[in-house]
Amino acid sequence: MKRLNWVMACLVVAGLVFSASFICSAADLTGVWNVEVVISGTTGTPVFTLKQEGDKLAGRYKSQYGEFDCVGTVKENDFEIIADVGGNKFTYKGKVDGDKMTGTADLGGQASGPFTGKKAK
C-alpha cells in the first residue's frame with residue numbers, strides 16, 4: 001500500500017510539473033521576421049529584428065520610413081510590438097504559431113490593416 005501511494009504521489013508531481021511547463025511556455029519571437037502588411041490596398045514589407053527575454057521584446061523595426069527601436073510583450077502565443085516611428089506609435093498585435101505570425105497593424109491611429117509574417121531562416 002505504501003508503494004502504491006508513493007507511485008501515485010510521483011505521478012501527480014510529474015503531471016503538475018509537465019502541466020506547468022506547458023501552460024507557462026510562451027512563444028519565442030527572437031530572430032528576424034519578414035512581415036507583409038496591407039493598408040488601404042497598399043502592401044508594406046517591414047522587418048522586425050527581435051530579442052525576447054521572458055515575456056519582454058526589444059529590437060529594431062525597419063520599414064520604408066526608416067529604422068527604429070521597438071519594444072513589446074509576449075503572453076503565450078499572443079504578442080504586441082510597438083515601434084516609435086517619428087513620434088507615431090506603430091503597433092502590431094497578433095499571434096505567433098512556430099515560424100509564422102498574423103495580426104493587425106495600427107500605424108499611429110492614422111490607418112490599420114492585417115499583417116502576416118514569417119521568421120527568416
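Reckoned from all heavy atoms, side chains included, excluding hydrogens, waters and symmetry mates.
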Solution key, residues 27-43 side-chain donor-acceptor pairs under 3.5 Å, sequence neighbours excluded:
residue, atom, partner, partner atom, Å
Asp28, OD1, Thr30, N, 3.0
Asp28, OD1, Thr30, OG1, 2.9
Thr30, OG1, Gln52, N, 2.9
Trp33, NE1, Leu29, O, 2.8

Are Thr91 and Ile82 close enough that some pair of their side-chain heavy atoms sits under 4.5 Å apart?
->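 Contact flag for Thr91/Ile82 side chains = yes.
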Would you tabulate the side-chain donor-acceptor contacts of residues 58-69 under 3.5 Å, counting partners in other chains and residues two or more places apart, or write 'none'?
residue, atom, partner, partner atom, Å
Arg60, NE, Glu67, OE2, 3.3
Arg60, NH1, Asp69, OD1, 2.6
Arg60, NH2, Glu67, O, 3.4
Tyr61, OH, Tyr92, OH, 3.0
Ser63, OG, Tyr65, N, 3.1

Please, which pairs that meet salt bridge (charged side-chain N to carboxylate O under 4.0 Å, His left out) have at least one residue in residues 80-96, sequence neighbours excluded?
->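 Qualifying pairs: Asp78-Lys95, Glu80-Lys93, Asp84-Lys89.
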If Ile, Leu, Val, Met, Phe, Trp and Tyr residues are connected whenever their side-chain heavy atoms lie under 4.5 Å apart, and connections chain through other members, are Phe115 and Val47 in the same group?
->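 Result: no, two separate clusters.
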I would like to know whether Val74 and Leu57 meet side-chain contact (heavy atoms from CB on, under 4.5 Å); could you show each step before the answer?
-> CA-CA 7 Å; Val74 180; Leu57 294 169; 3.7 Å; yes
Donor-acceptor list for residues 96-112 side chains, cut-off 3.5 Å, not counting sequence neighbours:
residue, atom, partner, partner atom, Å
Asp99, OD2, Lys121, NZ, 3.4
Asp106, OD1, Gly108, N, 3.3
Asp106, OD1, Gly109, N, 2.6

